[in-house]
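Only this structure's heavy atoms are used, side chains among them; waters, hydrogens and symmetry mates stay out. Per chain, numbering begins at 1; letters A, B, ... match sequence-line order. This one's a predicted model, so the numbers in the text were calculated from it and none came from an experiment.
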2 protein chains.
Amino acid sequence: MTKQNPSSKVTIVEVARRGGVSLGTVSRVINNDVHVAPETRERVSKVMQEMGYVANRQARSLRGSKTNVIGVLVPDLGTGYIGEIMHGIDTELGVAQFDLMLFTTHRTAIKEANYVANMVRGMVDGLLLVLPRNPADYTGTLTHRKFPFVLIDHQGNSDPCPAVGATNWQGAYNATDYLIKLGHTRIGFITGSMDLGAATDRLDGYKAALRVNHISEDPRLVCEGTFFQPEGYSGACALLDIDAPPTAIFASNDAMAMGAMDAVRARGLRIPEDISILGFDDVPQAALVRPALTTVRQPLEQMGRVATQMLLDLLHDPSKHLDRIELPTELIVRGSTSSPKDKAG
Amino acid sequence: MTKQNPSSKVTIVEVARRGGVSLGTVSRVINNDVHVAPETRERVSKVMQEMGYVANRQARSLRGSKTNVIGVLVPDLGTGYIGEIMHGIDTELGVAQFDLMLFTTHRTAIKEANYVANMVRGMVDGLLLVLPRNPADYTGTLTHRKFPFVLIDHQGNSDPCPAVGATNWQGAYNATDYLIKLGHTRIGFITGSMDLGAATDRLDGYKAALRVNHISEDPRLVCEGTFFQPEGYSGACALLDIDAPPTAIFASNDAMAMGAMDAVRARGLRIPEDISILGFDDVPQAALVRPALTTVRQPLEQMGRVATQMLLDLLHDPSKHLDRIELPTELIVRGSTSSPKDKAG
DNA sequence: TATAATTATGGAAACGTTTCCAAATCAATT
DNA sequence: AATTGATTTGGAAACGTTTCCATAATTATA
């Protein structure tokens with residue numbers, strides 16, 4: 001390696017001088033412009049390599065008015081759920097040679113909408129909004145300003161806009177139907193945050209499956225939560241305390257399902273022999289826990305990938321009109337569910 | 001609101017024209033320069049507000065050669081461990097008005113070192129390296145180029161450089177000593193990746209506590225893992241299968257401890273009555289699981305905060321010489337540990 | 001009142017690129 | 001040999017700031 005002076009900044013003009021060409025030519029070499037003689041290209045390339053040239057992103061962005069960076073707004077990190085989505089986003093951005101700027105909601109809880117509208121302006125070419133809480137606050141502004149964005153995992157209960165979600169209703173329906181087919185008739189349900197479309201859809205899917213199978217709804221079997229693990233614990237406790245307790249508990253996400261598993265075990269009951277437990281999401285941990293959790297798989301990683309592709313599409317052709325996409329959920333049967341043991345036995 | 005034309009870009013020159021002042025004056029207003037008449041300041045501020053002016057980050061960075069962005073390199077996301085650290089980083093960056101660019105290692109596994117050395121150049125003012133695998137690859141380059149960086153949670157087994165860690169040895173020592181004081185004499189240990197300093201330190205702390213308490217080491221009680229949950233499961237199974245199985249299992253992190261809990265329960269044994277389980281890290285989930293996990297708390301959030309402060313310090317005064325900092329670990333006693341039941345009983 | 005000292009403002013250069021236009025080189029056609 | 005056409009290259013403007021220097025305006029001092 002003959003790197004000359006790695007610490008001092010080597011710009012395009014240095015390269016031009018040393019290569020005996022003009023700025024324009026160097027730029028053309030960098031950007032693979034056709035209009036440059038093979039011989040020149042090679043010579044300039046060699047000089048760049050030797051000098052350890054690295055393009056200045058700000059200058060490039062300033063001139064070209066695109067940053068090759070996309071912003072991702074997440075509520076927090078550290079959950080398997082977000083982790084999976086991020087993985088998908090990250091993978092797809094990697095192949096497209098984009099970088100990722102991370103914004104977390106907890107950091108600027110108050111002025112979130114303003115933040116999205118202003119701060120981000122000029123720093124990123126587009127925005128991926130993961131699990132937005134009240135997207136109506138910004139989707140209007142963003143649409144109006146023609147700023148490219150895609151929502152991930154939020155029910156478009158307002159104006160239609162580019163979004164990626166999963167078939168929550170169908171997933172919950174299938175899972176409930178599966179429990180019924182196993183022989184369960186009293187199935188407890190722990191909801192998610194009912195202000196989220198995903199949560200209401202799952203509840204509706206559950207109810208629909210009961211109805212279709214001619215099982216009457218029992219309000220005492222439905223217990224409200226907000227997607228956090230401790231509510232799975234307390235919810236399951238409440239469900240086990242009613243007169244005719246359920247033989248299966250369907251939690252609206254895996255975190256609550258794991259809380260429910262703990263509650264069931266704390267009562268000295270066995271899973272799945274005494275109580276079946278079913279979750280939603282299929283976070284990586286669901287397969288690692290014992291017994292492994294039967295759950296409705298949301299293709300989280302894929303959702304991240306698809307959303308990213310949509311956004312890149314949008315960047316490429318801003319006039320393109322994209323709408324909500326729903327990816328299919330899938331029931332993953334593992335060890336936490338089985339037929340109820342015979343009551344008479 | 002009298003925002004004029006939010007979508008078209010309003011620059012400093014527009015503001016200057018409309019405010020009847022020069023570019024320089026507008027810039028001074030923006031940057032709170034003292035040399036501007038109060039009256040002028042107010043007038044210009046009002047114009048900026050009316051026109052919805054937002055500074056262009058690239059132009060600013062280009063001129064000032066600082067981006068107000070710091071880069072964070074993480075192995076992956078979605079673990080509570082990383083999540084906590086990120087939270088700390090994020091909080092501290094928030095108050096300092098910095099933004100966060102995220103790079104994940106899994107994305108560019110191969111050329112990680114090159115990536116750090118080049119791609120990042122000019123995009124960020126400094127780098128936070130979380131759980132770097134082989135930092136020797138880049139610390140050299142970074143130091144040489146005088147690029148500010150701080151390592152988080154890696155044993156400085158090579159040259160001294162700015163880093164934040166925790167007292168792994170002491171934490172493991174204390175935890176083991178606690179188990180011994182409870183009456184345990186056969187304590188199983190599941191290691192982390194032995195290529196990481198943190199893992200070897202924990203093992204050494206465990207051994208030291210045994211030695212001090214005159215308990216002879218039994219190699220069969222030490223079982224190698226790499227910090228992943230399934231190894232906690234298989235490790236615990238192996239430990240339970242030996243002739244005189246342990247009455248307590250100390251896993252090198254919480255993920256493996258949870259795997260071990262599953263294994264113990266799968267054998268029909270109770271926690272902590274039959275077997276005590278002890279973890280390391282104190283991830284949020286440790287408190288949520290039942291029984292709640294006794295563990296050695298690493299102040300992860302604080303480690304993220306401290307590292308960020310160090311980096312910001314370094315940005316402010318590049319000549320400053322910072323060294324490794326170790327934050328104290330703390331034993332958090334919860335429900336997964338107790339005295340061993342009397343063998344004779 | 002004239003001069004010096006202070007403060008506020010305007011003007012222009014610079015940051016490192018990209019891109020457009022014009023000039024120059026070269027081969028091919030008449 | 002002269003004209004045309006294609007290809008390669010140089011030169012300069014532009015992107016939106018910040019910062020430095022000089023000038024203008026104001027106040028204080030002699």
Hey, are the side chains of [X] and [Y] touching, using non-hydrogen atoms and a 4.5 Å cut-off?
X	Y	result
A/Thr91	A/His87	yes
B/Asp99	B/Asn68	no
B/Arg305	B/Ile89	no
A/Thr139	A/Leu151	yes
B/Met86	B/Leu102	yes

Side chain of [X], heavy atoms from C-beta onward: which of [options] has the nearest atom to it?
X	options	answer
B/Ile30	D/dT18, D/dG16, C/dA8	D/dT18
A/Pro38	D/dG11, D/dT8, D/dT18	D/dT8
A/Tyr53	D/dT17, C/dT17, D/dG11	C/dT17
A/Arg28	C/dT17, C/dG11, C/dC20	C/dC20

Pick base, sugar-phosphate or nothing for [X], based on heavy-atom distances below 4.0 Å to the nucleic acid.
X	result
B/Thr11	sugar-phosphate
B/Val21	sugar-phosphate
B/Gly64	nothing
B/Thr40	sugar-phosphate
B/Val34	sugar-phosphate

How close or far is atom [atom2] of [N] from atom [atom1] of [X], stated in whole angstroms?
X	N	atom1	atom2	value
A/Arg43	D/dT8	CZ	P	14 Å
B/Ile12	C/dG11	CD1	P	14 Å
A/Met123	D/dT17	CE	P	14 Å
B/Leu23	D/dA22	CG	P	19 Å
A/Asn56	C/dA14	CG	C1'	13 Å
B/Asp33	D/dT19	CG	P	9 Å
A/Asn68	C/dT17	CG	C1'	14 Å
B/Glu14	D/dG16	CD	P	9 Å

**Asked** Is the phosphate of C/dT18, meaning OP1 or OP2, less than 4.0 Å from a side-chain N or O of A/Arg60?
**Response** yes

**Asked** Should A/Ser27 be listed as having a side-chain N or O under 4.0 Å from OP1 or OP2 of C/dT17?
**Response** no

**Request:** Record whether the side chain of B/Arg63 comes under 3.5 Å of the base of D/dT17 through a donor-acceptor pair of N or O atoms.
**Result:** no

**Complete:** Walking DNA chain D from its 5' end, the first of B/Gly24 and B/Leu62 to be reached, judged by nearest nucleotide, is B/Leu62

**Message:** Before you tell me yes or no, could you show the steps for B/Glu42 and B/Lys46 under salt bridge (charged side-chain N to carboxylate O under 4.0 Å, His left out), namely the whole-Å CA-CA distance, both residues' side-chain angles and the distance that decides it to 0.1 Å?
**Reply:** CA-CA 6 Å; B/Glu42 197 184 352; B/Lys46 217 174 88 187; over 6 Å; no

**Asked** More 5' along DNA chain C: A/Val26 or B/Thr25, using each one's nearest nucleotide?
**Response** B/Thr25

